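A note on names: the letters A, B, ... follow the listed sequences, proteins ahead of strands, and every chain is numbered from 1. Nothing here was measured: the structure is a model prediction, and the numbers come from that model.
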Amino acid sequence: MPPPFYICGPTASGKSTLALEMAAQLDGEIINADAFQLYRGLDILSAAPSAEERAQAPHHLYGVLEPGTAADAGQYLRLARPLIENIQARGKTPVVTGGSGLYLKFLTHGPAPLPTGDATLRAELEATPLDALVARLRALDPVEAARTALQNRRFVSRALEICLLSGHRASDLRDRWESQTAELAAQLRGCVIQRTRPDLHARIACRTRAMLEGGAVAEVAALTNASANCEKAIGVRQIRALLAGEIDRTTCENLINAATRQYAKRQESWFRRELWLRPVPR
RNA sequence: GGCCCGAUAGCUCAGUUGGUAGAGCAGCGGAUUGAAAAUUCGCGUGUCGGCGGUUCAAAUCCGUCUCGGGCCA
């Protein structure tokens, strides 16, 4: 069974193009690993592969979720795993391509056996002041509290959520990746595209312009009943502000560029730690 | 031509009665175990427009020049 090949890298670095090259070379099929390209109705903003690109090799998991649904890394795993096995069973190589570090991490290292987030509990935790959440986590699981960034409400809530939903300490359930990394690293095959900052920034600027000229505004206007998840895609908030007349087009473009550059930087931070990825300068 | 206002970080600006400067944004670095294009932590990067003067000490006061903006001719 051909092992999967992973293609990572910051946004606008050229992952989709490289994926096509690898698919051709490895007799492969491309699987999306981007949290937002998963959604239907976000093709332009999420820079999903074009129809021409998709015609060059089988593409999977692009636009498969309704904008109104809320996905997460676990659900992605449930979609991607069977697909990978299916492709392998047919003797083809899965070429997993995307920039969502956590999703890729789940795929390559497997998730810890943690409970899925619960909407009701989340709403409750969201309404609680941060210091109260911290106090509660400290009481339930001091070990986890000590290793959690306590200023990060999202992280504190999640740790607490794990304790409350599972009835166990989060610190007892979490812990797995580090021990697996060494043995897995030898088996995993993949690369991370590297570009200089000026080059990457230029590509981002170019792509943002193309998006705005290529229908991104109409795409957002058509994006009704989107989940809170979808609303967070870079560009949605900015274009909504443009549509509302709060900012002009140039400002909108500048804001999208800045948000995209910041995102790219976070992705580089993430992939830098994935030592099994072979750097590919471009 | 005359008068007035402005010139401080990449950008927008703050800077008390003179004691060699600090916010936001941008940028850079980090974290990341089921919201991840999310969330979060850290870092000030500077001939204070130029030159001269007053003063122990000037971003700050005085003079002059340059460049913006405005008003009057």
For this session: Have a look at A:Thr116 and say if it touches a base, only the backbone sugar-phosphate, or nothing, with a 4.0 Å heavy-atom cut-off.
Result: base
Exercise. Has A:Arg78 got a side-chain N or O lying under 4.0 Å from the OP1 or OP2 atom of B:G34?
Worked result: no
Exercise. So which nucleotide does B:G27 pair with, by the Watson-Crick or G-U wobble rule with both distances under 3.5 Å?
Worked result: B:C43
Exercise. Can you tell me if the side-chain N/O atoms of A:Ser100 get under 4.0 Å from OP1 or OP2 in B:A37?
Worked result: yes
Exercise. Can you check the A:Leu184 CG to B:U33 P distance for me, whole Å?
Worked result: 18 Å
Exercise. Between A:Arg261 and B:G27, is there a side-chain N or O to OP1/OP2 distance below 4.0 Å?
Worked result: yes
Exercise. Side-chain contact, heavy-atom cut-off 4.5 Å: A:Ile30 with A:Tyr62?
Worked result: yes
Exercise. Considering only side-chain heavy atoms of A:Gln151, which listed nucleotide, B:U33, B:A36, B:U40, is closest?
Worked result: B:U40
Exercise. Is there a side-chain polar atom (N or O) of A:Gln262 under 4.0 Å from OP1 or OP2 of B:A26?
Worked result: yes
For this session: Using the salt bridge (charged side-chain N to carboxylate O under 4.0 Å, His left out) rule, take A:Asp43 and A:Arg54 through it: C-alpha gap first, then chi angles, then the decisive distance, then the call.
Result: CA-CA 12 Å; A:Asp43 286 336; A:Arg54 291 186 206 196; 3.7 Å; yes
For this session: Compare side-chain N and O positions of A:Gln75 against OP1 and OP2 of B:G34 and report whether any pair is under 4.0 Å apart.
Result: no
Exercise. With both distances kept under 3.5 Å, what pairs with B:A7, Watson-Crick or G-U wobble?
Worked result: B:U66
Problem set entry | N or O in side chain of A:Tyr76 less than 4.0 angstrom from B:G34 OP1/OP2 | no
For this session: Check every strand shown and say whether A:Ala35 touches a base, only sugar-phosphate, or nothing at a heavy-atom separation below 4.0 Å.
Result: sugar-phosphate
For this session: May I ask you to verify if any side-chain N or O of A:Ser269 is less than 4.0 angstrom from the OP1 or OP2 atom of B:G30?
Result: yes
For this session: Before giving the answer on salt bridge (charged side-chain N to carboxylate O under 4.0 Å, His left out), spell out for A:Lys265 and A:Glu268 the whole-Å C-alpha distance, their side-chain angles and the decisive distance to 0.1 Å.
Result: CA-CA 5 Å; A:Lys265 196 152 74 67; A:Glu268 288 186 331; over 6 Å; no
Problem set entry | Test item: side-chain donor near acceptor, A:Asn86 and A:Arg90, under 3.5 Å | yes
Exercise. With both distances under 3.5 Å as the test, what is the Watson-Crick or G-U wobble partner of B:A37?
Worked result: none
Exercise. Using centres under 5.5 Å plus planes under 30 degrees as the test, is A:Trp177 stacked with B:U33?
Worked result: yes
Exercise. Is there a Watson-Crick or G-U wobble partner for B:G1 with both distances under 3.5 Å, and which nucleotide is it?
Worked result: B:C72
Problem set entry | Under-4.0 Å side-chain N/O to phosphate OP1/OP2 contact, A:Arg158 with B:G34 | yes
Exercise. Starting at the 5' end of RNA chain B, which residue's closest nucleotide do you reach first, A:Pro115 or A:Gly235?
Worked result: A:Pro115
Problem set entry | Phosphate-side-chain proximity, A:Arg197 and B:G29, N/O vs OP1/OP2 below 4.0 Å | yes
For this session: Scan every strand shown for a Watson-Crick or G-U wobble partner of B:C61, both distances under 3.5 Å, and answer none if you come up empty.
Result: B:G53
For this session: State whether a side-chain donor-acceptor pair under 3.5 Å links A:Asp248 with A:Thr251.
Result: yes
Exercise. With a 3.5 Å cut-off and just heavy-atom distances, do the side chain of A:Lys265 and the base of B:G27 make a donor-acceptor pair?
Worked result: no
For this session: Evaluate salt bridge (charged side-chain N to carboxylate O under 4.0 Å, His left out) for A:Glu144 paired with A:Arg169, printing each intermediate quantity in order.
Result: CA-CA 8 Å; A:Glu144 187 67 12; A:Arg169 292 196 190 93; over 6 Å; no
Exercise. Going by distance alone, is a donor N or O of one side chain under 3.5 Å from an acceptor N or O of the other, for A:Arg207 and A:Thr11?
Worked result: yes
Seminar exercise, completed: Scanning all shown strands, the Watson-Crick or wobble mate of B:G22 with both distances under 3.5 Å is B:C13
For this session: Give the nucleotide from the list B:G34, B:U40, B:U33 with an atom nearest to the side chain of A:Arg266.
Result: B:U40
Seminar exercise, completed: Rounded to whole Å, CZ of A:Arg154 lies from P of B:A36 at a distance of 8 Å
For this session: State which of B:A37, B:A31, B:U33 makes the closest approach to the side chain of A:Phe106.
Result: B:U33
Exercise. For A:Ser46, which contact category applies under a 4.0 Å heavy-atom criterion: base, sugar-phosphate, or nothing?
Worked result: base
For this session: Could you tell me whether A:Leu173 contacts a base, only the sugar-phosphate backbone, or nothing, with contacts defined as non-hydrogen atoms closer than 4.0 Å?
Result: nothing
For this session: Report yes if at least one side-chain N or O of A:Asn229 is closer than 4.0 Å to OP1 or OP2 of B:A36; otherwise report no.
Result: yes
Problem set entry | Among B:A37, B:A36, B:A31, the nucleotide that comes nearest once only the side chain of A:Leu102 is considered | B:A36
